[in-house]
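Below: one structure, written as structure tokens.
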Amino acid sequence: MEVRVPYTLIMQDDSTGNVHSMLMDAPIDTNYARRMAIKAMLPGHSLVAMVKGIHPIIPGVPTPA
């Protein structure tokens, strides 16, 4: 049985620079979880950080620069 834990993925939009996050359940092995997170990225987004556990979600609302 594979143990999965929640990860909070923080992403940045490549064109606008907006930052938002999403939750993902992944194996406890951080290297494998990182590979899964990169595959889960939305097109046009970059992975900024991956935090093990459930953290507040960043909504990604555009703000003036």
- Residues Leu42, His20; criterion side chain to side chain contact (heavy atoms under 4.5 Å, CB included); working and verdict: CA-CA 11 Å; Leu42 301 170; His20 61 281; 4.2 Å; yes
Closest non-hydrogen atom pair, [X] against [Y]:
X: Pro27; Y: Ala33; value: O-CB, 3.8 Å
X: Gly53; Y: Thr8; value: O-OG1, 2.9 Å
X: Ala37; Y: Met50; value: CB-SD, 3.8 Å

Rounded to the nearest 0.5 Å, what's the gap from [atom1] on [X] to [atom2] on [Y]? Could you check?
X: Met22; Y: Ile10; atom1: CE; atom2: CD1; value: 12.0 Å
X: Ser46; Y: Met11; atom1: OG; atom2: CE; value: 10.5 Å
X: His45; Y: Asp13; atom1: NE2; atom2: CG; value: 4.0 Å

- Item | With sequence neighbours excluded, residues passing side-chain hydrogen bond (donor to acceptor under 3.5 Å, both in side chains) with Thr30 |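 In terms of side-chain hydrogen bond (donor to acceptor under 3.5 Å, both in side chains), with neighbours along the sequence ignored, Thr30 is linked to no residue.
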- For Asp29, what residues pass the side-chain hydrogen bond (donor to acceptor under 3.5 Å, both in side chains) criterion, not counting sequence neighbours?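 By the side-chain hydrogen bond (donor to acceptor under 3.5 Å, both in side chains) rule, Asp29 matches no residue at all.
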- Task: State which residues pass salt bridge (charged side-chain N to carboxylate O under 4.0 Å, His left out) with Arg4; sequence neighbours excluded, sorted by chain then number.
- Result: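 For Arg4, the residues satisfying salt bridge (charged side-chain N to carboxylate O under 4.0 Å, His left out) (neighbours in sequence not counted) are Glu2.
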- Message: Any side-chain to backbone donor/acceptor pair from Gln12 onto Gly17? Under 3.5 Å, distance only.
- Response: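 Side chain of Gln12 to backbone of Gly17, a donor-acceptor pair under 3.5 Å: yes, one is there.
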